[in-house]
Amino acid sequence: QVQLVESGGGLVQAGGSLRLSCAASGSIRSINTMGWYRQAPGKQRELVAGITIGGSTNYVDSVKGRFTISRDNVKNEVYLHMNSLKPEDTAVYYCYADWMMTMGGRIEYNYWGQGTQVTVSS
């Protein structure tokens with residue numbers, strides 16, 4: 001069974017840095033787009049950053065220049081390097097994969113991790 005497992009969240013002061021990691025486990029041949037969403041209390045979940053299997057990236061405007069997304073296609077992992085963190089970055093961060101091909105040739109859609117809390121204190 002395929003799972004996405006995040007790690008790396010925590011509490012950091014404003015201006016600090018954190019690195020989130022997400023590992024996809026299971027019988028996976030390849031994953032198309034991976035990335036990160038976040039949801040702050042009382043707000044809708046928003047896309048933070050995404051990266052295609054070819055390495056193309058996109059970011060929400062509020063994190064451009066501060067966050068960097070990367071991935072390891074061999075390990076089926078995606079990372080989010082977050083610098084110059086602000087209190088408004090506080091949220092639960094969720095890893096996602098839009099679709100993946102299993103070793104058996106099956107296409108499976110819309111996988112999400114369980115979320116990791118990022119708290120930025122002022």
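Not measured: the values here are computed from a predicted model. The figures that follow rest on heavy atoms only: side chains count, while hydrogens, waters and symmetry mates do not.
Minimum heavy-atom separation, Val2 to Met100: CG1-SD, 3.3 Å. Closest approach of Val92 to Gln117, counting heavy atoms only: CG2-OE1, 3.2 Å. Nearest heavy atom pair, residue Val63 against residue Val48, reads CG2-O, 3.8 Å. Listed here is the closest heavy atom pair of Gln39 and Lys43: NE2-O, 3.1 Å. The two residues Ala14 and Ser122 make their nearest non-hydrogen contact at CB-CA, 4.3 Å. Residue Leu85 comes nearest to Arg66 through the heavy atom pair CA-NH1, 3.8 Å, listed as atom of the first residue, atom of the second, then distance.
Both Val118 and Tyr59 are members of a single hydrophobic cluster when ILVMFWY side chains are connected at heavy-atom separations under 4.5 Å. Cluster annotation: Leu4 and Tyr37 are assigned to distinct hydrophobic clusters (Ile/Leu/Val/Met/Phe/Trp/Tyr, side-chain heavy-atom contacts under 4.5 Å, transitive).
Glu6 is listed as a side-chain neighbour of Gln114, based on a closest heavy-atom distance under 4.5 Å. Side-chain contact between Ile31 and Ile53 is absent, with no heavy atoms from C-beta onward closer than 4.5 Å. Looking only at side-chain heavy atoms (C-beta outward), Ile28 and Met103 stay at 4.5 Å or farther from each other. The closest side-chain heavy-atom distance from Phe67 to Leu80 is below 4.5 Å.
Ile107 forms part of a hydrophobic cluster together with Trp99, Met101, Tyr109, judged by ILVMFWY side-chain heavy-atom separations under 4.5 Å.
Applying the disulfide bond (SG atoms under 2.5 Å apart) test to pairs two or more places apart or on separate chains, those with a residue in residues 15-74 are Cys22-Cys95.
Between Asp61 and Lys64, at least one side-chain N (NZ, or NE/NH1/NH2) sits under 4.0 Å from a carboxylate O, which counts as a salt bridge. Ion pairing of Arg38 with Glu46 is present here, as a side-chain N (NZ or NE/NH1/NH2) and a carboxylate O approach within less than 4.0 Å.
The closest side-chain donor-acceptor pair between Tyr79 and Glu77 falls under 3.5 angstrom.
In this structure, the side chain of Arg71 engages the main chain of Thr52 through a donor-acceptor pair within 3.5 Å. Looking at Asp98, its side chain never comes within 3.5 Å of a backbone N or O of Asn110 through a donor-acceptor pair.
Ring to ring, Tyr96 and Tyr111 are not that close: their centroids are 6.0 angstrom or more apart.
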### Task
Start with the C-alpha distance between Glu88 and Thr90, add both sets of side-chain angles, then the distance that settles side-chain hydrogen bond (donor to acceptor under 3.5 Å, both in side chains), and finish with yes or no.
CA-CA 5 Å; Glu88 50 263 44; Thr90 295; over 6 Å; no
